[in-house]
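Note that the structure is a prediction, hence the values are computed from the model and not measured. If you read the sequence from its start, that first residue is 1, and numbering goes on from there.
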Amino acid sequence: MSSRRVRSHQELNTLRENFENTIKAEPVRILVCAGTGCQASGSLKVWEKMSELAKNTSVQVEFAPEIAHGENFEHPAVHKSGCLGFCEQGPLVRIEPLGVLYTKVTPDDCGEIFETTVKNKEVVHRLLYKNKITGEECFNQSEIPFYKGQTRVVLKTCGTIDPESVEEAISVGTYQALAKALFTMKPEDVIQTVLDSKLRGRGGGGFVAGKKWQQVAAQPEKTRYIVCNGDEGDPGAFMDCSIMEGDPHRMIEGMIIAAYAVGAQEGYIYVRAEYPLAVKRLTLAIKQATEFGLLGDNIMGSGFNFHLHINRGAGAFVCGEGSALTASIEGKRGMPRVKPPRTVEQGLFAKPTVLNNVETYANVPQIILSGADWYKSIGTPDSPGTKTFALTGAVRNTGLVEVPFGITPREIIFNIGGGIRGDKKFKAVQIGGPSGGCLTEEQLDEPLDFDSVKRLGVIVGSGGLVVMDEDTCMVEVARFFMDFTHRESCGKCVPCREGTLRMLEILERIVAGQGEEDDINKLRTLADLIIHTALCGLGKSAPLPVISTLNAFPEEYEAHIKDKKCPAHVCQKLKQYIINPELCKSCSKCARGCPVQAISGQPKVPYEIDQTKCIKCGACISACPFKAIYVA
C-alpha cells in the first residue's frame, strides 16, 4: 500500500481532485442510509437489492468536459451512507444528482425506483416525505421541515459519503485541516485558534476545549495522550454513535490535530462495546488512514507521528467520567478518583491527557479550515457553534438533529420535530439525560446554550432531548432516571451509592401509593447532600431530574402522596379501574377474565369492581367488548 501514501499537502490535493472526479463520473449515485437506525429498519436488504439491480442497469449520461478524463461508469453506483438523522422515516435512500430523498424504502420498492427514477428521471411520489401539517410532497432533503431548521457542521457529510471509504472522505475535504495545521501552523497557533473559537466540550461539562489543550501543552512531562470519550451512556442518546458510524475520519482528523497541538504521539478512542458498527467503521478508518499516510509515522511527510487505538468499554455509565474512563483503558475498574490532580496533569497512565468527546473533536477540522471568527458567527457569544441532539419521545419527527446554540426548545420540538405526536398537549422535555432535568411549557422559548439552561436548573449534557406529552407521569420519570443512576453508580463514594438508593426507595414508595407527608422534604435534603458531597460529576448531577420535576410539577407529587392518585394514570398501583354503569351490558366477560375475582354482578345489573381486591392488571379492559371500563 506504500504507493497510496500521501507525502505532502500537494499530494493530498491531487488525491482529492482525483477522488472528486471519480464521484462526479458516476452517472447515478444511490446512497442507502446504513446507520444503526436504518439498518434496524432493514436498510441493508435495500442496499443489497439496489446493488443487484445496478449490475443489470445501464445508464447513459453526458459527461461534463472537466471530468471526461476520469473513470466513466456504465452502471449506477450504489453506496452505503452514514446516518441521515431522520430515523423515524428510515430506511432512507438518496438519488444523486437528482437530489431526491425517498423515505421508508423496502426491497420491494427498489425495482420501481430503478425504472422510474434511475432510468426515466421521474419521481416515485409515494416514497417522498409528505409534510404532516400541509400535506405537501418534499422532493429533496432541504425541503423537509425536519432539516430546514438545522445547521449541519459536524453532520455536514453524514449521509452524503460512504463512511467506509477514505477516498470519499478525502474527496469532501477531510484531512485538509490536518494538512493546514501540519504545514502552515505551529502547535501554539493551533491551540490559539481553538481557544479563540471558544469551542466548548460537547460531552456535558461545556469546558472550553482550548484551555485543556493549552494546559496539557504546558506540562513539563513530554509524554502526553489524546483520548476520545465515545462512551455514550445516556438512555436514548446516539449523537456520538452517529458521528463515529457516519463520518469517522472527521473525528479522527480532529484527534490528530489535537495531538499535533499538544505534542502527543499516542491516542485512544473509548467506545461502548454496544456500538459494534461504530467500532467496525473506526477500525477500518484507522487502517485506511494509516495506509494513506494520514495516521501513524511521518504523517504526510511532516515528520509528525501519531498512533491511534480503540478501547471498548463494557457499558458502565460511570466510565463517561474522565478519570473512570482512563482507569478503564488502563485495565482497572472504571471508578472516578479524587481530584486534583486533574486529567490534564495526570490522566491516562498518569500522564498529561487531552480528553474530549466525539462531537468536540469533530468540530475541530472546520475551525482550523474556516477560522475562529467563522465558528463564532454560529450560535451565541459564550456558546458558539452547533449542538447535536437526539430528539426522541412523544414528538412526530424523531431522530438526530444539529442546531445552532441559542435556538429555543420550541423551535426544535414544533418546527424540526413537527410537534407532539397525536396532537396531544406538550408537558415537558427532558434535557441532559440522567444528569439533566425537565424544561416546561413556560421555558420553551428560553435559548438552549450551556449557560442559559444552567440558570434554569438543568444542563445541556451530551445532547438528549426526550419530549413528554400530557400522558406522562413526572414522578415516574424521576423514578426512572433515579433507578438508572443508582444502578450505574460505581459505589465508590457513600453519597452516591447510598443517597441515590434512599431517593429511589422514596420514589418507589410514592408511585406505589405509599408516599408519606415528609417525603418531598426528604428528597430535597438527600438531593442537596448528594450534589454537594458526591465524588464525581455524574454523582453530583444524579438528583437533578428529581429536583427539576419537584420544582416544575409539585402538584403531581402531592396527588401521589396525599390523594393516592396518579393524574396521568401511569403508575400501575395507583390506577382505579371503574365500570361505567351506563355502558355495562352485564355480560360477565370482565368477571370471567378477572384473575382474582374482584368483579361481581347480576344479570341486567351493572357489574362492579372491588377496589380492595383489584390487582390493577387491566384484564377487565381487554375483556370488555363494550368499552365500559376505564381507568380513573
Side-chain angles (χ1 to χ4, degrees), residues 31-43 46-47 79-96 99-105 127-132 138-163 172 202 232 234 236-248 250-251 275 277-278 281 358-359 362-363 366 378 385-393 395-405 407 409 411-419 421 448 462-467:
L31 291 158
V32 181
C33 180
T36 294
C38 278
Q39 283 197 22
S41 301
S43 69
V46 173
W47 174 77
H79 301 275
K80 296 174 185 174
S81 82
C83 176
L84 276 160
F86 206 1
C87 306
E88 185 168 299
Q89 295 296 316
L92 299 163
V93 175
R94 287 168 61 112
I95 312 291
E96 301 291 355
V100 66
L101 178 67
Y102 288 136
T103 62
K104 297 188 176 180
V105 179
L127 295 176
L128 294 175
Y129 177 80
K130 293 177 180 59
N131 190 311
K132 293 178 181 177
C138 299
F139 181 81
N140 56 40
Q141 184 172 320
S142 62
E143 296 174 355
I144 299 174
F146 179 80
Y147 293 104
K148 275 186 177 180
Q150 297 191 43
T151 301
R152 294 168 80 84
V153 175
V154 169
L155 302 177
K156 183 179 179 180
T157 54
C158 272
T160 66
I161 62 171
D162 183 346
V172 295
R202 301 302 198 251
E232 192 171 43
D234 290 7
F238 53 95
M239 299 78 62
D240 290 348
C241 177
S242 296
I243 296 169
M244 290 186 286
E245 291 178 359
D247 196 359
R250 178 183 293 270
M251 182 199 81
Y275 285 171
L277 185 58
R281 289 180 176 168
V358 172
E359 188 180 349
N363 269 288
Q366 201 60 49
I378 307 169
T386 61
K387 180 72 189 80
T388 59
F389 288 99
L391 184 61
T392 59
V395 65
R396 285 193 178 97
N397 300 330
T398 59
L400 181 69
V401 304
E402 183 177 0
V403 292
F405 274 119
I407 194 172
E411 290 175 273
I412 296 177
I413 296 167
F414 291 93
N415 294 347
I416 297 173
R421 186 180 291 123
L448 275 185
S462 59
L465 283 177
V466 183
V467 180

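Counting heavy atoms from C-beta on, the side chains of Asp247 and Leu155 never come closer than 4.5 Å. Residues Pro91 and Cys33 are not in side-chain contact: their nearest non-hydrogen atoms beyond the backbone lie 4.5 Å or more apart. Lys387 has its side chain out of reach of Leu448: every pair of non-hydrogen atoms, C-beta onward, lies at least 4.5 Å apart. Between Tyr147 and Cys138, every side-chain heavy-atom pair lies at or beyond the 4.5 Å cut-off. Asn363 is listed as a side-chain neighbour of Arg202, based on a closest heavy-atom distance under 4.5 Å. Taking the side chain as every heavy atom from C-beta outward, Glu402 and Met239 never approach each other to under 4.5 Å. Counting only heavy atoms from C-beta outward, the side chains of Cys158 and Cys83 never approach each other to under 4.5 Å. Under the 4.5 Å side-chain criterion, counting only non-hydrogen atoms from C-beta, Tyr275 is not in contact with Thr36.
The two residues Val403 and Gly149 come nearest to each other via the heavy atoms CG1-O, 4.1 Å. Residues Cys241 and Glu232 approach most closely at N-OE1, 3.1 Å, considering heavy atoms. Smallest separation of non-hydrogen atoms from Gln150 and Ile416: CG-CD1, 4.2 Å. Across all non-hydrogen atoms, the minimal contact from Thr388 to Leu400 is CB-CD1, 4.3 Å. For the residue pair Ala278 and Met244, the shortest heavy atom distance occurs at CB-CB, 3.9 Å. In terms of heavy-atom proximity, Thr392 sits nearest to Val395 at O-CG1, 3.9 Å.
The backbone N or O of Asn140 lies less than 3.5 Å from no partner atom in the side chain of Arg94, so there is not a single donor-acceptor pair. A donor-acceptor distance shorter than 3.5 angstrom exists from the side chain of Glu143 to the backbone of Phe139, with no hydrogens or angles considered. Not a single donor-acceptor pair under 3.5 Å links the side chain of Thr151 to the backbone N or O of Pro404.
By the side chain to side chain donor-acceptor pair (under 3.5 Å) test, Thr398 is found to be paired with Glu88, residues two or more places apart in sequence or in another chain being considered. Every residue two or more places apart in sequence or in another chain was checked for a salt bridge (Lys or Arg N to Asp or Glu O under 4.0 Å) with Asp240, and none qualifies. Applying the ring-ring contact (aromatic ring centres under 6.0 Å, His included) rule to Tyr129 yields the partners Phe86; only residues at least two apart in sequence or on another chain are considered.
Looking at Leu127, Leu128, Val93 one by one, the single match for side-chain contact (heavy atoms from CB on, under 4.5 Å) with Val100 turns out to be Leu128.
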Check your understanding: Please walk me through it: do Ile144 and Phe146 pass side-chain contact (heavy atoms from CB on, under 4.5 Å)?
Key -> CA-CA 5 Å; Ile144 299 174; Phe146 179 80; 3.9 Å; yes
Review point. Would Leu84 and Gln141 count as a side-chain contact (heavy atoms from CB on, under 4.5 Å) if you check the C-alpha gap in whole Å, the side-chain angles of each, and the deciding distance to 0.1 Å?
Key: CA-CA 10 Å; Leu84 276 160; Gln141 184 172 320; 3.4 Å; yes
Point to revise | Worked verdict on Ile412 versus Ile407 for side-chain contact (heavy atoms from CB on, under 4.5 Å) | key: CA-CA 8 Å; Ile412 296 177; Ile407 194 172; 3.8 Å; yes
**Study point:** Leu92/Tyr102 under side-chain contact (heavy atoms from CB on, under 4.5 Å): CA gap, chis, key distance, verdict
**Key:** CA-CA 6 Å; Leu92 299 163; Tyr102 288 136; over 6 Å; no
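Rounding to the nearest 0.5 Å places CG of Leu31 at 6.5 Å from CD of Glu96. Here the straight-line distance linking atom CD of Gln89 with atom CG of Asn397 works out to 7.0 Å at 0.5 Å rounding.
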